[in-house]
Amino acid sequence: MLDLIIIAAFIYVLYYFITINRYDKNGHAKTKQKVTKSEQEVLDYIKLPTEAKLFINKYKLDISKINIRALLKALGVTIGIDVGITSIVVILLIKNIILELIVGLLLMIILYIISMKILANSLKKRGIINV
């Protein structure tokens with residue numbers, strides 16, 4: 001259990017410094033020049049990582065109702081937990097490197113799809129997803 005927490009925390013910290021750190025506390029992409037509100041919305045969407053864009057498009061998320069930084073934090077925690085669970089299960093149960101890669105990839109895909117659906121359901125309860 002401690003291994004899972006350590007791996008998930010490490011992945012989240014990496015994700016934080018790579019993606020979340022590019023957004024200010026209001027959820028807008030950091031820029032050096034002044035931009036209008038419409039330009040800021042376009043810039044926010046362009047700077048999003050691919051997994052966030054896929055999540056927004058797949059579940060029809062209304063980004064005007066949510067802070068993008070908060071969404072990225074939720075995605076980071078989810079990805080960290082998924083990677084932690086996958087790595088612990090694969091390392092403990094399988095000893096063949098090729099089999100580890102195959103099972104790990106399949107398990108990661110399955111866990112990612114399930115966890116994104118759970119995250120979407122929680123956002124739907126808060127009224128952020130357009131139905």
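Just so you know, these numbers come straight off a predicted model, no measurement behind them.
Residues L93 and V103 are members of one and the same hydrophobic cluster, defined by side-chain heavy-atom contacts under 4.5 angstrom among Ile, Leu, Val, Met, Phe, Trp and Tyr. Hydrophobic clustering, with ILVMFWY side chains joined whenever heavy atoms are under 4.5 angstrom apart, groups F17 together with I79. Cluster annotation: L92 is connected to I81 through the hydrophobic network of ILVMFWY side chains, with a link wherever side-chain heavy atoms come within less than 4.5 Å. Under a hydrophobic-cluster definition in which Ile, Leu, Val, Met, Phe, Trp and Tyr are linked whenever side-chain heavy atoms come within less than 4.5 Å, directly or via other members, L107 and I102 are assigned to different clusters. I88 and I94 fall within the same hydrophobic cluster, defined by Ile, Leu, Val, Met, Phe, Trp and Tyr side-chain heavy atoms under 4.5 Å apart, directly or through other members.
For the side-chain contact (heavy atoms from CB on, under 4.5 Å) criterion with L111, the lone passing option out of L106, V89, I85 is I85.
Crowding of K34 atom NZ: a count of heavy atoms from other residues, nucleotides or ligands under 6.0 Å not exceeding 12. Environment of CZ in F10: sparse, with no more than 12 heavy atoms of neighbouring residues, nucleotides or ligands closer than 6.0 Å.
Nearest approach of K73 to Y12, heavy atoms of both residues: CG-OH, 3.5 Å. In terms of heavy-atom proximity, V90 sits nearest to G104 at CG2-CA, 3.5 Å. Of all heavy-atom pairs spanning R22 and K47, the tightest one is NH2-O, 3.2 Å. Nearest heavy-atom pair across T78 and M116 is CG2-CE, 3.4 Å. Heavy-atom minimum distance, K53 versus L48: CE-O, 3.4 Å.
Interatomic distance, L119 CG to I114 CD1, rounded to the nearest 0.5 Å: 14.0 Å. The line from CD of E51 to CG of L72 is 7.5 Å long, rounded to the nearest 0.5 Å. Going from atom CG of D82 over to atom CD1 of I7 covers 12.5 Å, rounded to the nearest 0.5 Å. Taken from CG in L75 to CD1 in I68, the straight-line distance is 11.5 Å, to the nearest 0.5 Å.
Panel note: side chain T19, backbone Y16; no donor-acceptor pair is recorded below 3.5 Å.
In this structure the side chain of Y15 never reaches within 4.5 angstrom of the side chain of V83, judged on heavy atoms. Residues S122 and K117 fail the side-chain proximity criterion, which asks for heavy atoms closer than 4.5 Å. Annotation: side chain of D3 is not in contact with side chain of I91 (no heavy-atom distance under 4.5 Å).
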